[in-house]
Amino acid sequence: MQGTDYGDEELQKAMAAELRERLKLAEKEKRPLRVYCGYDPTSTDLHLGHTISMRKLRQFQDLGHEVTFLIGNYTALVGDPSDKNKARPILTQEQVAENAKTYAEQAFRVLDKTKTKVRYNSEWLSHLSLVDLIRLGQNFTVQQFLARENFAKRLDKGEPIYLHETFYALMQGYDAAAMNTDIQVGGSDQLFNIIVAGRKLQEALGQKPLVGIITGILPGTDGTQRMSKSTGNIVPINTGADDMFGKLMSVPDSAMGTYMRLVTRFSPHEIAQIETDVAAGVLHPRDAKMKMAKEITSIFYTDEEAVAAQDHFIKMFQQKEIPDEMPEYKLKSGQTVVDVILAANMAESKSKARQLIDQKGVRLDGEVLERGDAVFPHPGVLQVGKRRFLRVK
RNA sequence: GGAGAGAUACCGAAGUGGCCAAACGGGGCAGACUGUAAAUCUGCUGGCUUAUGCCUUCGAUGGUUCGAAUCCAUCUCUCUCCA
C-alpha cells in the first residue's frame with residue numbers, strides 16, 4: 001500500500017483488508033487477480049504522472065496477476081471532469097484515435113509487454129443502448145454527484161455543469177464491470193469513479209466489488225499543479241534521457257519528496273535518509289535532486305543512458321560548456337545577425353529577435369552581440385537565450 | 001417559453017468616443033542573483049521599421065463620426081436564473 005493516498009484512513013484500512021481477502025481468495029481459486037487501470041488518450045504523450053499507476057500495475061504483473069492496460073478511447077470522448085474546475089473541450093473520434101496510437105508502446109517502458117493485455121473501452125461502451133445507460137443511471141442519485149467537490153465548486157460559482165459530464169463516472173464504472181475487475185488502480189482524483197461508481201455498478205450487476213488502489217498525484221515541473229499536458233508542466237516519458245534528466249532538475253526542491261515517493265524505486269528508508277541529510281546540510285539539495293533525476297531517468301532508459309544524461313547536464317549547465325551537438329547553419333553573405341536568428345528559427349519574428357538582442361540574450365562564441373542590424377561577424381557558436389544553440393558556418 | 005448577463009491580446013480581467021497596440025494579474029521570454037531549483041529584482045511580451053513612423057487587432061458584418069474596443073443596426077456564439 002506504499003505511495004497510496006486515500007485521503008481517508010478508514011477507507012484505506014477497508015481497502016487494505018479487502019485486498020488481503022481478495023488475494024487469499026485468488027489463491028484458493030488458483031487464478032490471478034484481474035487488475036486494470038484506464039488511461040484516456042487526451043493527448044499523444046504519456047508522462048511521468050501516468051507512470052505511478054503503471055508501476056503499480058507492474059508490481060501486480062510481477063506477482064503473476066493479470067494486468068490490463070485499458071485505453072479509454074470512448075471515455076475520452078466525454079472527458080473526465082474529475083481534475084477540472086471547467087468542462088473539458090470535446091475531442092473527436094479522430095483526435096482520440098490519433099492520440100491512442102502510441103499509448104501502449106509508450107506504456108511498455110514500464111509494463112511487461114508479454115504479460116499485458118491492451119484493451120479499448122469502446123469495445124463494450126459503444127454497444128450500450130440508451131436503455132442500458134438508463135439502467136446504469138438508476139444506481140446513482142444526483143445528490144451523490146453534487147456532493148463531489150469539483151461539481152460543488154462549480155455549482156457554487158455559477159459555472160455550468162453539463163449533463164454529459166455525469167456520464168463519465170458511469171462509463172468508467174461500467175469498464176470495471178465489463179472486465180469483471182478485481183482491482184482497479186487510479187490516482188486520488190479517481191476516488192469517486194473507482195470507489196463509488198465502479199464498486200456500485202459491479203454490485204448492481206452481481207459482481208464482487210473491486211478493490212481500489214488509489215495512488216498519490218504527482219505535481220508537474222512547476223511543483224504545484226498536477227502534472228498535465230494542458231498546464232504544460234509535464235515530463236514526457238518518450239522525451240529522451242537528456243531531456244528527462246534536465247526537466248527533472250528543474251522541478252522545485254519543494255516537490256522532491258513527492259517525486260521520490262511516487263516515481264522512484266527508493267525505499268521509504270532511503271528517502272527519509274536523503275531528506276534528513278538535506279535538512280542537516282550534509283547533502284546539497286542539488287545533489288539530492290541529481291540522485292533523484294538519475295534514478296527516475298534510469299527507470300525509463302538504461303543505466304548507461306541515465307549516467308550519460310547526468311554527465312551531459314553537469315557539463316552543460318554547471319560547467320557551462322556548450323553542447324556537443326547542435327543544429328548547424330550555413331551563413332550566406334550579407335546576412336545580418338537578425339537574419340540568421342530568424343532563418344535558423346531561433347526566434348518567431350524580427351521584433352522578437354531584436355528584443356533578444358536588446359536584452360543581451362544573444363551571444364556569439366560567448367561574446368554578447370549588441371547590434372542586430374550588423375552583418376553577422378564571423379562563423380562560430382551562436383547562443384540565443386539559455387538553451388538555444390546554433391553552429392554557424 | 002420567459003428574464004437577464006456576456007464575447008477584449010496565450011489565459012484571467014479593466015477599459016464605455018480621441019491621451020488605446022489597449023490598465024492590472026497570471027503565464028511566457030530575456031537579464032541579474034543562483035544549484036539551468038525556488039524566491040527575489042529588472043526589462044520585454046501583435047507585426048514591420050527604427051525611430052518620435054506605418055500596418056493589423058478588442059465575436060462577425062454594415063453604419064454614425066474628422067475620429068470607435070467604446071455609439072447604432074443586424075447577425076453569430078456563450079452562460080445564468082425562472083418555468
Side-chain angles (χ1 to χ4, degrees), chain A residues 84-90 151 153-165 219-235 239 241-260 274-275 277-279 281-294 296-297 309-323 326 336-339 341-343 345-364 366-374 382-389:
Chain A
K84 297 285 159 183
N85 44 19
K86 265 190 203 175
R88 270 181 187 274
I90 303 290
F151 282 142
K153 265 191 195 148
R154 280 203 253 163
L155 198 61
D156 237 28
K157 285 201 204 156
E159 283 169 1
I161 298 168
Y162 292 90
L163 198 54
H164 76 268
E165 293 184 76
T221 48
D222 60 319
T224 44
Q225 283 182 282
R226 62 170 282 139
M227 188 175 283
S228 150
K229 179 93 171 192
S230 55
T231 36
N233 59 359
I234 67 168
V235 180
T239 187
D242 285 350
D243 190 57
M244 178 177 273
F245 195 96
K247 281 201 164 70
L248 287 167
M249 286 305 287
S250 77
V251 168
D253 292 0
S254 57
M256 265 171 61
T258 315
Y259 269 70
M260 287 196 288
I274 291 172
E275 287 183 327
D277 284 353
V278 169
V282 182
L283 181 62
H284 194 296
R286 176 201 54 214
D287 297 331
K289 202 185 290 175
M290 280 215 204
K291 221 169 155 169
M292 173 200 93
K294 196 174 112 196
I296 297 174
T297 306
Q310 177 161 359
D311 288 347
H312 176 256
F313 179 86
I314 291 173
K315 254 198 216 157
M316 183 148 165
F317 295 109
Q318 274 184 274
Q319 299 168 8
K320 296 227 177 0
E321 280 184 24
I322 57 167
M326 64 180 90
T336 63
V337 176
V338 167
D339 288 339
I341 292 174
L342 211 61
N345 259 331
M346 300 181 86
E348 299 152 29
S349 67
K350 286 192 178 181
S351 301
K352 297 273 185 209
R354 282 195 200 93
Q355 269 164 28
L356 285 163
I357 291 163
D358 285 347
Q359 290 169 151
K360 306 199 184 305
V362 178
R363 293 184 185 82
L364 179 63
E367 298 271 312
V368 175
L369 292 178
E370 306 273 359
R371 295 199 58 92
D373 55 356
L382 184 71
Q383 182 180 5
V384 177
K386 279 183 216 139
R387 296 152 198 249
R388 282 161 284 170
F389 290 91

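Atoms considered below: every heavy atom in the structure, side chains included; atoms not considered: hydrogens, waters and symmetry mates. What you see is a predicted model, and the numbers here were worked out from it, not measured in a lab.
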Can you tell me how far [atom1] in [N] sits from the matching atom in [M], rounded to whole Å?
N: G12(B); M: C72(B); atom1: C1'; value: 30 Å
N: U34(B); M: U56(B); atom1: C1'; value: 42 Å
N: U16(B); M: U52(B); atom1: C1'; value: 30 Å
N: C41(B); M: G59(B); atom1: C1'; value: 40 Å
N: G26(B); M: G1(B); atom1: P; value: 45 Å
N: G17(B); M: G27(B); atom1: P; value: 33 Å
N: A68(B); M: G18(B); atom1: P; value: 11 Å
N: G35(B); M: U40(B); atom1: C1'; value: 16 Å

- Item | Backbone of Thr336(A) reached by a side-chain donor or acceptor of Asp339(A) within 3.5 Å | yes

- Checking Asn233(A) side chain against Gln225(A) main chain: does a donor-acceptor pair fall under 3.5 Å? yes

Out of curiosity, [X] [atom1] to [Y] [atom2], how far, rounded to the nearest 0.5 Å?
X: Leu248(A); Y: Gln310(A); atom1: CG; atom2: CD; result: 11.5 Å
X: Asp222(A); Y: Met227(A); atom1: CG; atom2: CE; result: 9.0 Å
X: Leu369(A); Y: Leu364(A); atom1: CG; atom2: CG; result: 5.0 Å
X: Lys352(A); Y: Gln359(A); atom1: NZ; atom2: CD; result: 9.5 Å

Check the distance between [N]'s [atom2] and [X]'s [atom1] and give it to me in whole angstrom.
X: Leu163(A); N: C79(B); atom1: CG; atom2: P; answer: 14 Å
X: Met290(A); N: U36(B); atom1: CE; atom2: C1'; answer: 10 Å
X: Phe389(A); N: U36(B); atom1: CZ; atom2: P; answer: 13 Å
X: Phe245(A); N: A37(B); atom1: CZ; atom2: P; answer: 14 Å
X: His312(A); N: U36(B); atom1: NE2; atom2: C1'; answer: 12 Å
X: Leu369(A); N: G31(B); atom1: CG; atom2: P; answer: 13 Å
X: Gln355(A); N: C48(B); atom1: CD; atom2: P; answer: 10 Å
X: Lys350(A); N: C48(B); atom1: NZ; atom2: C1'; answer: 8 Å

- Query: Does a nitrogen or oxygen in the side chain of Arg286(A) sit under 4.0 Å from OP1 or OP2 of A38(B)?
  - Reply: no

- Message: Can you tell me if Lys352(A) touches the phosphate of C29(B), counting only side-chain N or O atoms and a distance under 4.0 Å to OP1 or OP2?
- Response: no

Taking the minimum atom-to-atom distance to the side chain of [X], which one of [options] wins?
X: Gln359(A); options: G35(B), U49(B), A30(B); answer: A30(B)
X: Arg354(A); options: G31(B), C29(B), U50(B); answer: U50(B)
X: Leu356(A); options: C29(B), G47(B), G35(B); answer: C29(B)
X: Arg363(A); options: G31(B), U45(B), G35(B); answer: G31(B)
X: Tyr162(A); options: C79(B), G31(B), G43(B); answer: C79(B)
X: Ser349(A); options: C48(B), C44(B), A30(B); answer: C48(B)

- Query: How is Ser254(A) classified with respect to the nucleic acid when contacts are heavy atoms under 4.0 Å: base, sugar-phosphate, or nothing?
  - Reply: nothing

- Query: Base, sugar-phosphate alone, or nothing: which one does Val362(A) contact when heavy atoms must sit under 4.0 Å apart?
  - Reply: nothing

Taking a pair as Watson-Crick or G-U wobble with both distances under 3.5 Å, which nucleotide is matched to [N]?
N: U40(B); result: A32(B)
N: G6(B); result: C77(B)
N: G1(B); result: C82(B)
N: U70(B); result: none

- Ion pair present between Asp243(A) and Lys247(A), side-chain N to carboxylate O less than 4.0 angstrom? yes

- Query: So, does the side chain of Asp287(A) form a donor-acceptor pair with the base of G35(B) at under 3.5 Å?
  - Reply: no

- Return the 5'-most residue of the pair Ser351(A), Pro252(A) with respect to RNA chain B, ranking by each residue's nearest nucleotide. Pro252(A)

- Name the residue closer to the 5' end of RNA chain B, choosing between Gly246(A) and Val384(A) according to the nucleotide with the nearest heavy atom. Val384(A)

